[in-house]
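Below is one structure; the comments refer to it alone.
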Amino acid sequence: MWRTLLLAVVVSLFISASPVFAQQSCESLSTLKLSGATVTSAATIAAGPLAGPAGPGGGANAATVPARCEVKLTIRPSRDSEIKSAVWLPVNGWNGKYQQVGNGGWAGSIGYRAMVEPLIRGYAAAATDNGHEGGGGAAWAIGHPEKLIDFGYRAVHETSVQAKAVIRAFYGRDPALSYFAGCSDGGREALMEAQRYPEDFNGILAGAPASDWSHLFTGFVWNEQALLKSPGSSIPPAKLPAIQNAVLATCDSQDGLKDGLLSDPRTCRFDPAVLLCKDADGPNCLTAAQVDALKAIYGGAKNPRTGEQIFPG
């Protein structure tokens with residue numbers, strides 16, 4: 001059994017390390033028939049600056065992108081779905097692997113900028129807008145439960161399925177290994193993939209996952225209420241270095257090494273009252289109202305009736 005498993009791993013590594021080349025032209029993919037999706041365009045793009053909307057991660061012209069076959073898809077798993085996705089296929093030297101990248105915030109655009117690094121490293125890459133346009137809020141979800149499902153988990157899964165079909169058609173075989181990487185909302189997407197579709201990817205990187213949104217957003221509201229409780233509660237950005245320095249002075253050495261880092265912030269028992277202004281207000285101290293606001297933020301959202309912790313500080 002172990003010999004068979006070891007052989008499978010060695011073969012997979014050998015395949016993924018050997019450059020793979022296209023079996024048909026990029027433009028021919030425009031007529032590719034997919035189940036539940038439509039190819040809206042397929043074109044070879046020469047190496048050069050990234051043009052058009054960048055999505056999460058940076059400016060539109062922040063990176064030079066290798067030559068690629070770009071395939072754009074519209075995926076409709078329900079009657080009210082309109083998931084836009086893009087697949088980038090290396091023109092030369094595909095490494096035999098696939099990486100899908102996640103979104104940020106409310107999504108609403110394809111994260112082309114995040115696709116650049118995987119492509120540079122030889123991966124076929126893909127991303128999706130999560131089923132709607134515009135990431136400034138969630139007005140698109142009102143009256144559209146299917147779009148909410150697409151945003152919640154379905155768009156990422158469907159993009160994985162359809163992107164692999166495009167890869168198979170272009171290169172003549174499936175990717176040897178597939179990965180997903182995302183941060184913030186992309187981290188939430190990563191956790192949803194692991195929970196709902198564990199077979200989609202061989203490896204998943206969930207960075208800073210913005211999960212459990214009902215509780216997370218309650219935490220956001222709690223912090224805003226603390227900062228807006230009175231006209232003097234707001235803490236200006238100029239005072240944040242003073243807060244950081246005071247926290248480090250209290251807790252930096254707890255792990256036995258004074259290095260400007262907290263190994264485990266959960267063990268830090270910092271009292272914001274040590275920053276209370278002795279005389280006039282200034283950049284290196286906090287007013288009484290600001291001390292109260294910071295204590296509430298560090299305390300985290302709690303149920304006002306039961307005291308139950310809703311979200312950590």
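No experiment lies behind these values; they were computed from the predicted model shown. Starting from 1, each residue takes its place in the sequence as its number.
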What heavy-atom pair brings [X] and [Y] nearest, and what distance separates the two atoms?
{"X": "A127", "Y": "G111", "answer": "CB-N, 4.0 Å"}
{"X": "G219", "Y": "A301", "answer": "CA-CB, 4.2 Å"}
{"X": "A226", "Y": "A293", "answer": "O-CB, 3.4 Å"}
{"X": "A126", "Y": "A163", "answer": "CB-CB, 4.0 Å"}
{"X": "F270", "Y": "L294", "answer": "CE2-CD2, 4.5 Å"}
{"X": "I120", "Y": "T64", "answer": "CD1-O, 4.2 Å"}

Quick one: does any side-chain atom of [X] pair with a main-chain N or O of [Y] as donor and acceptor, under 3.5 Å?
{"X": "E189", "Y": "N103", "answer": "yes"}
{"X": "K72", "Y": "A42", "answer": "no"}
{"X": "T306", "Y": "E308", "answer": "yes"}
{"X": "S28", "Y": "Q24", "answer": "no"}
{"X": "Q309", "Y": "G299", "answer": "yes"}
{"X": "N95", "Y": "R121", "answer": "yes"}
{"X": "Q290", "Y": "T287", "answer": "yes"}
{"X": "S253", "Y": "G256", "answer": "no"}
{"X": "T128", "Y": "N130", "answer": "yes"}
{"X": "R154", "Y": "E146", "answer": "yes"}

Which value, rounded to the nearest 0.5 Å, describes the distance between [X] atom [atom1] and [Y] atom [atom2]?
{"X": "F180", "Y": "S160", "atom1": "CZ", "atom2": "OG", "value": "9.5 Å"}
{"X": "L286", "Y": "I235", "atom1": "CG", "atom2": "CD1", "value": "5.5 Å"}
{"X": "L73", "Y": "Q162", "atom1": "CG", "atom2": "CD", "value": "7.0 Å"}
{"X": "I45", "Y": "R68", "atom1": "CD1", "atom2": "CZ", "value": "4.5 Å"}
{"X": "R76", "Y": "I83", "atom1": "CZ", "atom2": "CD1", "value": "10.0 Å"}
{"X": "R168", "Y": "Q23", "atom1": "CZ", "atom2": "CD", "value": "14.0 Å"}

Have [X] and [Y] got a donor and an acceptor in their side chains that come within less than 3.5 Å?
{"X": "D150", "Y": "S81", "result": "yes"}
{"X": "Q254", "Y": "T267", "result": "yes"}
{"X": "Q100", "Y": "T159", "result": "no"}

Mind running side-chain contact (heavy atoms from CB on, under 4.5 Å) on V71 and W88 for me, showing each step along the way?
-> CA-CA 7 Å; V71 179; W88 281 357; over 6 Å; no

For atom NZ of K229, decide whether the heavy atoms of other residues, nucleotides or ligands shown that lie under 6.0 angstrom number more than 12.
-> no

Would you find more than 12 non-hydrogen atoms of other residues, nucleotides or ligands less than 6.0 Å from E133 atom CD?
-> no

Side-chain touch [X]/[Y], heavy atoms, less than 4.5 angstrom:
{"X": "W94", "Y": "I167", "value": "yes"}
{"X": "I297", "Y": "L227", "value": "yes"}
{"X": "I204", "Y": "L191", "value": "no"}
{"X": "T218", "Y": "L216", "value": "no"}
{"X": "V247", "Y": "Y298", "value": "yes"}
{"X": "D174", "Y": "Y98", "value": "no"}
{"X": "S78", "Y": "I149", "value": "no"}
{"X": "S233", "Y": "L228", "value": "no"}

Would you call the rings of Y123 and Y179 parallel, tilted or perpendicular if under 30° counts as parallel and over 60° as perpendicular?
-> perpendicular

Specify whether H132 and W140 have parallel, tilted or perpendicular ring planes, treating 30° as the upper limit for parallel and 60° as the lower limit for perpendicular.
->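 H132 and W140: parallel rings.
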
Linked, directly or transitively: L34 and V161 (ILVMFWY side chains, under 4.5 Å) = no

Is there a path of hydrophobic side-chain contacts, each under 4.5 Å between heavy atoms of I, L, V, M, F, W or Y residues, that connects L240 with L275?
-> yes

Working for side-chain contact (heavy atoms from CB on, under 4.5 Å), residues K239 and D281 | CA-CA 11 Å; K239 291 194 175 189; D281 187 11; 2.6 Å; yes

Do the ring centers of W213 and W106 come within less than 6.0 Å of each other?
->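 They qualify: ring centres under 6.0 Å apart.
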
Sub-6.0 Å ring centroid separation between W222 and F311 = no

Geometric cation-pi criterion, R188 with F151: 6.0 Å, 45° | yes

Should the pair K164 and F170 be classed as cation-pi, given the thresholds of under 6.0 Å to the six-membered ring centre and 45° from the axis?
-> no

Indicate yes or no: does K84 engage D129 in a salt bridge with an N to O separation below 4.0 Å.
->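 The answer is no: the pair does not qualify as a salt bridge.
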
With the threshold set at 4.0 Å, does a side-chain nitrogen-carboxylate oxygen contact exist between E82 and K147?
->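 Salt bridge flag = no for K147 with E82.
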
Does R266 have any salt bridge (charged side-chain N to carboxylate O under 4.0 Å, His left out) partners at least two apart in sequence or in another chain, and if so, which?
->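 Salt bridge (charged side-chain N to carboxylate O under 4.0 Å, His left out) list for R266, sorted by chain: D264.
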
Disulfide bond (SG atoms under 2.5 Å apart): pairs with one or both residues in residues 65-157, sequence neighbours excluded | C26-C69

Could you walk me through whether T250 and D271 pass the side-chain contact (heavy atoms from CB on, under 4.5 Å) check?
-> CA-CA 9 Å; T250 302; D271 184 0; over 6 Å; no

Yes or no on side chain to side chain donor-acceptor pair (under 3.5 Å) for E199 and Y197, after CA distance, side-chain angles and deciding distance?
-> CA-CA 5 Å; E199 301 301 319; Y197 305 104; over 6 Å; no

Would you check, one step at a time, whether the test side chain to side chain donor-acceptor pair (under 3.5 Å) holds for E27 with T44?
-> CA-CA 7 Å; E27 285 67 24; T44 302; 3.2 Å; yes

